[in-house]
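Below is one structure, written out as structure tokens; comments come after it.
Computed from a predicted model, the values in this text were never measured in an experiment. Letters A, B, ... are given to chains in the order of the sequence lines, protein chains preceding strands, and every chain is numbered from 1.
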Protein chains: 2
Amino acid sequence: MEQIARTPKQIGAALRRCRRAGGLTQAALGEKTGLRQATISALESGEPGTQLRTLAEVMATLGLELVIRERGQPGKDIGDLY
Amino acid sequence: MEQIARTPKQIGAALRRCRRAGGLTQAALGEKTGLRQATISALESGEPGTQLRTLAEVMATLGLELVIRERGQPGKDIGDLY
DNA sequence: CATCAATATACTCCGGAGCGCATAGAATTG
DNA sequence: CAATTCTATGCGCTCCGGAGTATATTGATG
């Protein structure tokens, strides 16, 4: 499941889906990452002030990585979008 | 060119390559984004405290997007096919 | 419905980001 | 080399994230 994001809101939404896919609650993820549940909530809600450290911590714990690429590259992933 | 990143440092390094690929200086990117050149510098250096708003602003200006996916999906990555 | 789990909000405190501004240091070029 | 461009760093300032803690609000579930 590759999720595309360009804004903090989209990033947060994607992370939320990944967390839920792993059957975790915000509190549980907070435990694993050493972050407060409220911080997870803010991140997933797309608070633009959230720090990269928080994003990285959550991604690492959820086993995720980022691909940085130019916009609208119609690769094969297009199919995964719909 | 798809760049993979898991840490603020790797994110910053990737953005730096993208900026340079576009022939921009930090100052020029700062102009376009409304961010200080020092802020661009910090982001590219991988300061973990950098905010998502800064990342998003820079990505938008450079015409980039993120793909959030699970770590290490070797075969699925068709990016290196062309 | 009632209840319990999950998520969002609120408060104070502290630290650090990003601002304007300025400059030091590094890299590039002639 | 020197000269110029680019990048990193410093200071004072304001603002807000995240910690700790607690409580609302929302969402599932029986």
Side-chain angles (χ1 to χ4, degrees), chain A residues 1-66 68-71, chain B residues 1 3-71:
Chain A
M1 174 182 39
E2 296 197 346
Q3 311 196 64
I4 299 179
R6 301 178 183 178
T7 68
K9 267 195 165 73
Q10 293 172 337
I11 294 172
L15 293 176
R16 168 163 293 172
R17 285 187 289 267
C18 291
R19 171 180 60 79
R20 288 189 165 147
L24 285 174
T25 67
Q26 291 181 346
L29 182 54
E31 282 291 320
K32 284 195 161 199
T33 55
L35 297 165
R36 287 165 61 244
Q37 172 263 327
T39 300
I40 308 287
S41 171
L43 167 64
E44 292 184 352
S45 299
E47 288 294 326
T50 303
Q51 303 174 8
L52 292 193
R53 136 186 321 124
T54 303
L55 172 65
E57 193 70 54
V58 166
M59 285 200 315
T61 302
L62 291 179
L64 303 173
E65 69 186 5
L66 292 180
I68 299 169
R69 67 180 191 193
E70 279 153 36
R71 270 191 309 219
Chain B
M1 173 184 38
Q3 312 196 64
I4 299 178
R6 301 178 183 179
T7 68
K9 265 194 165 71
Q10 293 171 338
I11 294 172
L15 292 176
R16 169 164 291 172
R17 285 188 288 269
C18 291
R19 171 180 59 80
R20 288 188 166 149
L24 286 173
T25 67
Q26 291 182 345
L29 182 55
E31 283 290 322
K32 285 194 159 199
T33 56
L35 297 166
R36 284 169 59 243
Q37 171 264 325
T39 301
I40 309 287
S41 171
L43 167 64
E44 292 184 352
S45 298
E47 288 294 325
T50 303
Q51 304 175 7
L52 292 193
R53 109 174 355 109
T54 303
L55 171 65
E57 193 69 55
V58 166
M59 285 200 315
T61 302
L62 291 179
L64 303 173
E65 70 186 5
L66 293 180
V67 175
I68 300 169
R69 68 179 189 191
E70 278 153 36
R71 276 191 303 217

Look at all strands and tell whether [X] reaches a base, only sugar-phosphate, or nothing, counting heavy atoms closer than 4.0 Å.
X       : answer
B/Gln37 : base
A/Arg16 : sugar-phosphate
A/Ile40 : nothing
A/Ala27 : nothing
B/Gly34 : sugar-phosphate
B/Ala38 : base

Does [X] place a side-chain N or O at less than 4.0 Å from the phosphate oxygens OP1/OP2 of [N]?
X       : N      : answer
A/Gln26 : C/dA8  : yes
A/Arg36 : D/dA22 : no
B/Ser41 : D/dA8  : yes
B/Thr39 : C/dA17 : no

Worksheet, complete the sentence: Which of C/dT7, D/dA8, C/dA17 is nearest the side chain of B/Gln51? It is C/dA17
Response to the item:
Residue pair B/Arg20/A/Thr54 against DNA chain D: nearer the 5' end by closest nucleotide is B/Arg20
